[in-house]
Each structure stands twice: as C-alpha cells, then as structure tokens.
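Reading through the structure tokens given below for one structure.
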Amino acid sequence: MEPTTFLYTFLLTTFLIYTALLLLRRRRTPPLPPGPTGLPLVGSLPFLDPSLHTYFTDLSKKYGPIFSLQLGSKLAVVISSSSLAHAVLREHDNTFANRDVTETGRLFSYGGNDILWSPNGPTWRMLRRICVHEMLSPQSLDAVSSIRQQETRSTMHHIHASSGNQVDIGAEMFLNVMNVVTNTMWGATLEGDEERESVGMDFKEVVANITDLLGRPNVSDFFPALARFDLQGIQSKMAVLMDRVDSIFERIIERRSCDEGKRTKKDLLEFMLRMEREGGDSKTPFTMSHVKALLIDMFTGATDTTSTAVEWAMAELLNKPDILKKLQDELDQIVGKDKLVEESHLSQLHFLSLVIKETLRLHPPVPLLVPHCPSSPCTIGGYLIPEGTRVFINVWAIQRDPSKWTDPLEFKPERYLQQGLQRDFGGKDFDYFPFGSGRRICVGIAMAERMVGYFLATIVHSFDWKLPEGKDVDFSEKFGIVMKKAIPLVATPTPRLSKNELYN
Ligand code: HEM
C-alpha cells in the first residue's frame, strides 16, 4: 500500500472508531431530566416563584415526576412521585445523603460543623449520635419530661389568663418549645435565673431572622464565583446574626465553666463540653464549633417545625368542629374533665395521633425536605443526576397525590384506619414521609411527637376555641425552609375543665 493511502486509511479508521465510541457513550449516558429551557446564563432563575412548592408542583404536571431546572450555574432536580422518592431515599440513599451547603448554611453551622449541613460521613454520624443519645432518644426524653410538663402548664396558665381574648396559637407553642429546648440543652446552667428568660427572648428574635435568611434565594449560591461579592448582602446579615448567637453561647458556656463541680443535673451542653475537652471520639475530632453548631441545630430544628405543626392542626380543627368535638370527647374519656393531660396519656389518645398524622400529610412543615445532593453521578428514573446537583423532594405534592390518596385535599384523620393505610413517621412509606426518610431522616421525631401531641392535647382539652366573629380559617401558606401559615391563627379560648384550680 502507498504510504499516503495507508495514512488516509489509518485516519479514516481512527475517525470512524472515535465517532462510534462517542455515539456508544452518548447512548450509554442517560439524558438529564426534562425541564424548562430558561435563559442563557441565568437559566430559570428569573422565573422562580417564591412559593417554590406549588411552582414545582405545577412544573411537574408539565415535565413529569422528575424534572430539572438550571438555576444560574447550579443544576436543580425536583422529584414529585413516591416511586422516584423511593429510588432517591431508599435505593440510592447513601449517594444522596449529602447536602449542597449554601452560603448562609455555612455561616449558620460554624462552617458546616452541624448535623444538618455535614456530608454523609463519620463526623455527621458522630453528631447525630450525640444528639440522639444525650437529648432525643426516648430514654433521654423521659428523663426531662418534667421540663415539658412545667412549660406546658405554664403556657396553659398564660392562655387561661387571656380567656375571652384572642390568642396567637403558633406563638404560644413557639414560646413553649423554645423554653423546653433551651432548658433541656443548658437549663442546668441558668435554672432559677431570670437571665434564662432574657436569653430565650434574645434567641427567639435572632433565630426568626436566621430562619428567614436560610430560606431566601441567594445569588451567591447560584453563581458561586460571585459569592465573595455577596450581592444581596444576605451573607453579611447572616454574619451579624451569627455574631449575636455566638455571644449568647459564649455567655452560657462561660457561666457553665464557673459552675464546674457545683451542678447536680446533667444536660446536653455538659456532655458536649466534656467531649470537647477530650477532643472527640477515637475517629473524629469534636471542637467548640461543633458544640455551638449542635446547640443552634437543636433550637432551630425544633421550634418553627413543631409550632407550625400545632398551628396547622388547630386551623384544621377549627375549620371542622365535628372533628374537634370528637377529639375533645376522646380527651374527656381518657383524661376526664377534672384532671390535666399528662404525657403518659398520649399512648391512649388514638384519635389525637390520627389528627396529627393528617395534619402533617396536608401541611408538612418542611415541604421540600432539606435538599439532598448526590456525591457521585446517579441514574434515577432513566435520567442522569450529576454529582453536586441540588435535589428537591416535593413531599408536599407527594402527600397530596390523587393517584395515592382518596380526596387528597380533605382533612380526614380516620383515613388511616382503613386497611393498608396505616402510616407512621419512620419514612418507610413513600407516599407519606413528613420527617423525610433514610439516613437523613429528621433526628428529632420522638421529641416532635411528644411536644406536638402533649401541647395540642392540652389546649384542646383545657379550652373551647372560637374563631374571631365572622372569620373563617385562612389556609394560605407562606413558603420557607419551614412552611408557615401566611396569616397567623388567632382564636379565643374559654376554659372547659370542671375546676378553676386546675388552671392555677
Ligand atoms: C413536626 C416537627 C418536625 C418536622 C416535620 C421535621 C421535619 C424534618 C425534615 C423533613 C428534615 C429533613 C429530612 C431530609 O433531609 O430528608 C429534618 C431534618 C432535621 N431535623 Fe427535623 N422536624 C421536626 C422536628 C425536629 C425537632 C424537634 C428537632 C430537634 C430537636 C429536629 C432536628 C432536625 C435535624 C438536626 C435535622 C437534620 C438531620 C440531618 O441532616 O441528618 N427536627 N426534619
């Protein structure tokens, strides 16, 4: 063969092999999920609706149960069916049990040192273990039941003092759970001290602002190259708030050091400080940043979620007086009108548990879960989800899916009595998982169940409630990392127990 002919044949063969390999590879690599095209550079960012959960639900009707959106330089994927949620949270749980840490998340968590934002790995496992073991397991919760009793009674006295006047139900629950959580975490330090109340109030204000910033879309997250310019000023606002949080923590930790050896009660803070002095466990270091990050995790994880749940439950009950009456009948039968509800009654209050279940179906407080993030490329439903994608799981839409639920928009607590419809909070049914599922499932379920159940039972048992004259319940939602009622629920309590002394 002529040298030039040989060269041409060689080049042509190489080209053909290369093209064939390319085509083969392209055929083997699944496509990205379908979705709106968006604009050059910014993608779908300009079209984002602040009510992300309904916006995503509408898009899923057009593009299907898995779709993608380009948000600046970030790819987001939204999952809206129970079978695909199963694929992400069960079949590929290990890959997806990571977070795409936002700029505000990083500041909030002392550099990603908390449970919420840590990647799936030994540090995250250690942090979860500490909180479960020292504060959130059934045994640790039993050990501090008197704190919950004392705080719930004190809220009840406060509501009683407002009899005949309008009460903001969510705000009452927020104060209640805030006191319970702070007392559980560091109560032994500030116990009996009026400083406890002032620390609580400081914290309440700062944390409300922090939660708001955590839920706000931030250009820095969509264009990481611009993060250092902080174009909306969100990071600098967060930094100021975190300075305030830090000075509260410093104050408490300093007090705790002065008290060394005098305390009789143990709490989460004491355990963590000891662990910090020892430097962690054999595998992972534990620093002061971890101590503070866990304190703020527990506080923010518990407060807005549980108070929102109680507020939505009361909204549904006031909208359906027959269901409210049925719940009061159950309470009267199990507790009686001449006693107060105790936490020990909860296991017998079956209808109450159905009411709470149904509330968390229609109003999951964290409607898109906390976004997950695959640590390596993964195929879901025949589509590629690249590493680092922000994955939203629309539990709000899944729990209202008409192909899974009869009368999905109706508040029907009895539905769970039907054969095959028993549901719990463990995340094993992928048409019902208000606390998430898999490795990243909420760490505070046991505490949430007790707090919501006990508080709801107490206010429904101790008072009759009336909406303001001529007003119906407003069900509009305000989307955020925790979805609240757009208009806070106010109602007027009237005492209904047999003896006035019970309210003292
Ligand atoms: C009704 C009350 C609550 C609801 C509906 C709720 C719901 C959730 C959801 C949906 C997640 C995200 C799961 C995921 O990423 O897939 C979560 C995570 C978390 N929750 Fe809760 N939660 C509640 C109460 C609490 C309480 C009382 C605490 C602590 C005292 C808490 C602490 C946390 C923490 C630390 C995480 C992060 C877990 C991780 O990333 O590993 N939550 N919660």
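Both counts, for ligands and for their atoms, begin at 1 and track the order of listing. Index from 1, following the sequence.
Distances from atom 38 (C) of ligand 1 to the heavy atoms of Arg128, Arg450, Arg125 put Arg128 nearest. With Thr306, Val443, Ile481 as candidates, the residue nearest to atom 34 (C) of ligand 1 on a non-hydrogen basis is Val443.
Looking at Arg440, its side chain does come within 3.5 Å of a backbone N or O of Ala97 through a donor-acceptor pair.
Annotation for ligand 1: atoms under 4.0 Å from non-hydrogen atoms of Val370 are 12 (C), 15 (O). If you number the atoms of ligand 1 from 1 as listed, the ones under 4.0 Å from a heavy atom of Leu136 come out as 30 (C). Listed by number with element, the atoms of ligand 1 under 4.0 Å from a non-hydrogen atom of His372 are 14 (C), 15 (O), 16 (O). Residue Leu369 has at least one heavy-atom neighbour below 4.0 Å for each of these atoms of ligand 1: 10 (C), 16 (O). Atoms of ligand 1 found under 4.0 Å from any heavy atom of Gly301, numbered from 1 in the order shown, are 24 (C), 25 (C), 26 (C), 28 (C), 31 (C), 32 (C), 42 (N).
No hydrogens or angles considered: a donor-acceptor pair under 3.5 Å links the side chains of Asn394 and Thr57. Side chain to side chain, Glu276 and His290 fail the donor-acceptor criterion of an N or O pair below 3.5 Å.
Counting heavy atoms under 4.0 Å from ligand 1, residue Ile445 does not touch it at all. Both the backbone and the side chain of Ala302 come within 4.0 Å of ligand 1, judged by heavy-atom distances.
Note: Leu294 CG to Leu268 CG = 7.0 Å, rounded to the nearest 0.5 Å.
By the neighbour-count criterion of 12 heavy atoms within 6.0 Å, atom NZ of Lys74 is densely surrounded, having more than that number from other residues, nucleotides or ligands.
Aromatic ring pairs are classed by plane angle as parallel below 30°, tilted from 30° to 60° and perpendicular above 60°; the pair Phe425 and Tyr432 is parallel.
Using a 4.0 Å cut-off between charged side-chain N and carboxylate O, Arg423 and Asp431 make a salt bridge. Between Glu358 and Arg415 a salt bridge is recorded (basic side-chain N to carboxylate O distance below 4.0 Å).
Residue contacts with ligand 1: Ile393 is excluded, as none of its non-hydrogen atoms falls under 4.0 Å. The closest approach between any non-hydrogen atom of Arg99 and ligand 1 is below 4.0 Å. For Trp124, the closest heavy-atom approach to ligand 1 falls below 4.0 Å.
An N or O contact shorter than 3.5 Å links Arg440 to ligand 1 by distance.
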